[in-house]
Chemist: 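Next up is a structure, given as structure tokens.
Per chain, numbering begins at 1; letters A, B, ... match sequence-line order. Remember, it's a predicted structure, so these values are computed and weren't measured experimentally.
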2 protein chains.
Amino acid sequence: MANIQDVAKKAGVSVATVSRVLNNHSSVTEKTRIKVEKVISELSYEPSMLGRNLRTSESKLLLVLLPSVSNPYYTEIINGIEETAIRNGYNILLCETDSNPERESRYFSLVKNRMADGIISMDPAVNKERLFELAKTYPIVQCSEYDKGADIPFVTINSELAAYHAVKHLIKLGHKKIALLTSDEQFLYARERRLGYERALREFDIEVNKQRIYYAGNIGFENGQQGMRSLLELDDRPTAVFAVSDILAIGALKEINSNGLRVPNDIAIVGFDKISFSNMTYPTLTTIAQPMYRMGSMSATMLINKIQGKHVESIVMDHELVIREST
Amino acid sequence: MANIQDVAKKAGVSVATVSRVLNNHSSVTEKTRIKVEKVISELSYEPSMLGRNLRTSESKLLLVLLPSVSNPYYTEIINGIEETAIRNGYNILLCETDSNPERESRYFSLVKNRMADGIISMDPAVNKERLFELAKTYPIVQCSEYDKGADIPFVTINSELAAYHAVKHLIKLGHKKIALLTSDEQFLYARERRLGYERALREFDIEVNKQRIYYAGNIGFENGQQGMRSLLELDDRPTAVFAVSDILAIGALKEINSNGLRVPNDIAIVGFDKISFSNMTYPTLTTIAQPMYRMGSMSATMLINKIQGKHVESIVMDHELVIREST
DNA sequence: TAATATTTTGTAAACGATTACATATTTTAT
DNA sequence: ATAAAATATGTAATCGTTTACAAAATATTA
């Protein structure tokens, strides 16, 4: 495996010149550049990132922290991150925390030991305290989930408003008995979406009935099924459901189907996230679309800027209500 | 940011000793080890991977090549890879090719320039020629998709046999008009699954009717819908469909539902892959389960062994027919 | 106790690039 | 043709580790 010395020797120039050719400095004369490039291709030399990284003390790696790659919610965000990263000469280190503190801490040390240049955190279950501490020293941005007080730039949507839109849509369709299928309120988005739900109801003088709010312990498909089951058992069955995630909504949908009821005729459903599967269901799901790709791409841009020492501002992006067959 | 020199100086030892403590060499005396560890924690020193990587000329990064992270087929495999990687001190670089040769070539160069120690390729659309060439110099294993002639170790299942089992299951249920919903035969798995389909039919003296085989140009959900649509238009409509992937099957399912037909009463469906969504559909999907997690974990182990210069053998893993509501 | 064997520590050279700074070369002006 | 300015190249230090090898400290043996 040839190194820069070999190239320099064979081309009859110094390593500095080879390095200049590699980084196309303007000061290299056309003639020597050609000469060096010829040798480079003859030896099929590839500059070692290891050497370069040590010297420039950067790894050109962005650490992306998320609970699980199997959650389709993240896929488009990841695409956005990766595309932007690559365009800027970075690669991404996808790290699943599984909400496991031990793993998380292992990933955190990747940035401490210079294996990664910065972090995009998408894990709602991240240890905030440690994250804030880390953010004092290392470039970090949060995507989708964020913390208001913290000094960490984030990109997100207005969850409260999105939920408000979703529920208002159901109200406009004539629904009055609207259930909320949400998750544990330890997560900010769950609290905000409940607030939006309640605001829409109040605005149309519909009483907020605690019985119609189901808090799923987890955000899996089965939780959606189970939540829907208990909502169906209510004496005064809801005619519509707003689920704070598509996965919950799909669980609800399946439970409704299994009970011989029809969507949207018997019960309408609105989900949240517009994951790819939300239009593969029967019927397709009305849902709130977040600009996933752009969120990912923007957070990568923000992180790279932060790595380069620039100041970056948090961003709240637009959402969109996508009306499909389930309402 | 403290470096090894700072630690050495403050602890009153040489950098060599600090390094030995870091890598817990046995030759370090208890007393000095304690002393050094104390300083390490006082300075909250973290050894730089950049320095270490250059010196040992390894990056401790495994490159995982796949067409798209949004394909749920890969998620469990990735989990398996990542878990095993971490256990062995590696991290993974998830790389989406999007079947884009330019991206692919950029990723290939990551291993050439020592940014990654080896490759797990899961991309069926990978440029074989370049992959084989690369495999002469760098550690590579293939997961799921593979090439028979090539000198690259792989882990996969017996697709032909799995397809045979799937179709036999349909035949046992009394079906005779069984359609095949498959993808472009440039991919080995598609060819093998068709062979298994045909073998099962022949074994039960059912004629292979070319009209009942639909070749989808792509493997997306819409292709499944479209394929099913054209199968439904046949004069002699099939009573069962074997789809070579769950996504295609889910597309077919939706198309069937949209036409007011019932699964499995009117048409039975068998999918392939047991992606997580295959039990969120209504009805749930009968499918072939591949041992995804184990396949991922095994390919990581194989790659790491290969990196360490050991000889590794290819493996064919077991599959399982998971019978659910759609048949 | 002295000589030897063993264990622990230190010195200094890698690893492969980048980049101030110094020097050599070419261009421009006179 | 010569001096000055501008451009191109080279020298050598540096990034932060690991690790042969040398040296020092300790343990063992006679």
Side-chain angles (χ1 to χ4, degrees), chain A residues 1-40 43-61 89 109-117 307-308, chain B residues 1-40 43-61 89 109-117:
Chain A
M1 210 110 308
N3 62 18
I4 199 173
Q5 314 270 358
D6 302 331
V7 176
K9 190 176 296 173
K10 181 153 184 198
V13 298
S14 73
V15 292
T17 300
V18 178
S19 176
R20 287 189 192 102
V21 171
L22 255 26
N23 301 282
N24 35 248
H25 282 226
S26 54
S27 79
V28 182
T29 215
E30 181 75 2
K31 203 169 59 180
T32 50
R33 218 199 54 230
I34 305 260
K35 183 170 62 179
V36 171
E37 275 167 352
K38 183 155 164 288
V39 174
I40 285 178
L43 297 180
S44 54
Y45 161 74
E46 301 259 352
S48 159
M49 281 294 180
L50 303 180
R52 175 177 297 174
N53 287 349
L54 173 58
R55 176 57 221 233
T56 60
S57 50
E58 55 182 2
S59 60
K60 290 291 183 181
L61 251 31
S109 52
L110 286 179
V111 65
K112 291 191 200 156
N113 62 30
R114 317 294 131 76
M115 193 71 192
D117 294 342
I307 288 171
Q308 294 171 348
Chain B
M1 209 110 309
N3 63 15
I4 200 173
Q5 314 271 358
D6 302 330
V7 176
K9 190 176 294 174
K10 181 154 182 196
V13 298
S14 74
V15 292
T17 301
V18 178
S19 175
R20 288 187 191 104
V21 171
L22 255 25
N23 300 283
N24 34 248
H25 282 224
S26 54
S27 78
V28 182
T29 215
E30 181 76 1
K31 205 169 56 180
T32 50
R33 217 199 56 230
I34 304 260
K35 185 170 60 181
V36 170
E37 275 167 351
K38 185 156 162 289
V39 175
I40 285 178
L43 298 179
S44 55
Y45 161 73
E46 302 258 354
S48 158
M49 281 294 179
L50 302 180
R52 175 176 298 173
N53 287 349
L54 173 59
R55 177 56 222 232
T56 61
S57 51
E58 54 182 3
S59 61
K60 289 292 184 181
L61 251 30
S109 54
L110 285 179
V111 66
K112 290 192 201 155
N113 62 29
R114 294 2 152 291
M115 193 71 191
D117 294 342

Chemist: Could you tell me whether the side chain of B:Ser48 and the main chain of B:Leu50 form a donor-acceptor pair under 3.5 Å?
Modeler: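 Confirmed, B:Ser48 side chain pairs with B:Leu50 backbone.
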Chemist: Quickly work out the A:Met1 CE to C:dA17 P distance and round it to whole Å.
Modeler: 11 Å
Chemist: Judged by each residue's nearest nucleotide on DNA chain D, which is more toward the 5′ side, A:Val28 or B:Met49?
Modeler: A:Val28
Chemist: Give a yes or no on whether a donor-acceptor pair under 3.5 Å exists between the nucleobase atoms of C:dG16, that is its base, and the side chain of B:Arg55.
Modeler: no
Chemist: Without decimals, in angstroms, what is the distance between A:Leu50 CG and C:dA14 P?
Modeler: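 Atom-to-atom, A:Leu50 to C:dA14, this comes out as 19 Å.
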Chemist: Nearest whole angstrom, please: distance from the P of C:dG10 to the CD1 of B:Ile4.
Modeler: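 Taking atom P of C:dG10 as the reference, CD1 of B:Ile4 is at 12 Å.
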Chemist: If you check the B:Ser14 side chain, which of C:dG10, C:dA17, C:dT18 turns out closest?
Modeler: C:dG10
Chemist: Please check this pair: side chain of B:Asn113 against backbone of A:Pro47, looking for a donor-acceptor N/O pair closer than 3.5 Å.
Modeler: no
Chemist: If you look at every heavy atom in B:Val7 and B:Val39, which pair is closest and at what distance?
Modeler: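 Closest approach of B:Val7 to B:Val39, heavy atoms only: O-CG1, 3.8 Å.
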Chemist: How long is the gap from CE on A:Met115 to OG on A:Ser109, to the nearest 0.5 Å?
Modeler: 11.0 Å
Chemist: Just the rounded figure in Å: distance from P of C:dT18 to CG of A:Asn53.
Modeler: 10 Å
Chemist: Check whether any side-chain N or O of B:Thr17 sits under 4.0 Å from OP1 or OP2 of C:dT8, and answer yes or no.
Modeler: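 For C:dT8, OP1/OP2 do not have a side-chain N/O of B:Thr17 under 4.0 Å.
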Chemist: Counting any heavy atom closer than 4.0 Å, what does A:Thr29 reach on the DNA or RNA strands: base, sugar-phosphate only, or nothing?
Modeler: sugar-phosphate
Chemist: Nearest whole Å is fine: how far is C:dC15 P from A:Glu46 CD?
Modeler: 19 Å
Chemist: On DNA chain D, does the nearest nucleotide to B:Ala2 precede the nearest nucleotide to A:Arg33 from the 5' side, or the other way round? Give the residue.
Modeler: A:Arg33
Chemist: Starting from P on C:dT9, measure out to NE2 on B:His25 and report it in whole angstrom.
Modeler: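 Rounded to whole Å, this separation is 13 Å.
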Chemist: Taking all heavy atoms of B:Ala8 and all of B:Ser14, pick out the closest pair and write down the distance.
Modeler: CB-C, 3.7 Å
Chemist: Which is true for A:Val15 with a 4.0 Å heavy-atom rule: it touches a base, it touches only sugar-phosphate, or it touches nothing?
Modeler: base
Chemist: Using chain A heavy atoms and a threshold of under 4.0 Å, write down where along DNA chain D the contacts begin and end, 5' to 3'.
Modeler: D:dA8 to D:dG16
Chemist: Does A:Ser57 reach a base, just sugar-phosphate, or nothing at all? Heavy atoms under 4.0 Å.
Modeler: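 Nothing, no nucleic acid heavy atom in range.
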Chemist: I need the minimum non-hydrogen distance between A:Ser59 and A:Ala116, along with the two atoms involved.
Modeler: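 Closest approach of A:Ser59 to A:Ala116, heavy atoms only: OG-CA, 3.3 Å.
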Chemist: Students often get this wrong, so: under 4.0 angstrom with heavy atoms, is A:Gln5 touching a base, only sugar-phosphate, or nothing?
Modeler: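 No contact at all - A:Gln5 keeps every heavy atom at 4.0 Å or more from the nucleic acid.
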Chemist: Looking only at non-hydrogen atoms, find the nearest pair between A:Lys60 and A:Asp117 and report the distance.
Modeler: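 Heavy atoms of A:Lys60 and A:Asp117 come nearest at N-OD2, 2.7 Å.
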Chemist: Let me know the distance between CZ of A:Arg20 and P of C:dT19, rounded to the nearest Å.
Modeler: 10 Å
Chemist: Could you tell me how far apart A:Asp6 (CG) and C:dC15 (C1') are, to the nearest whole angstrom?
Modeler: 13 Å
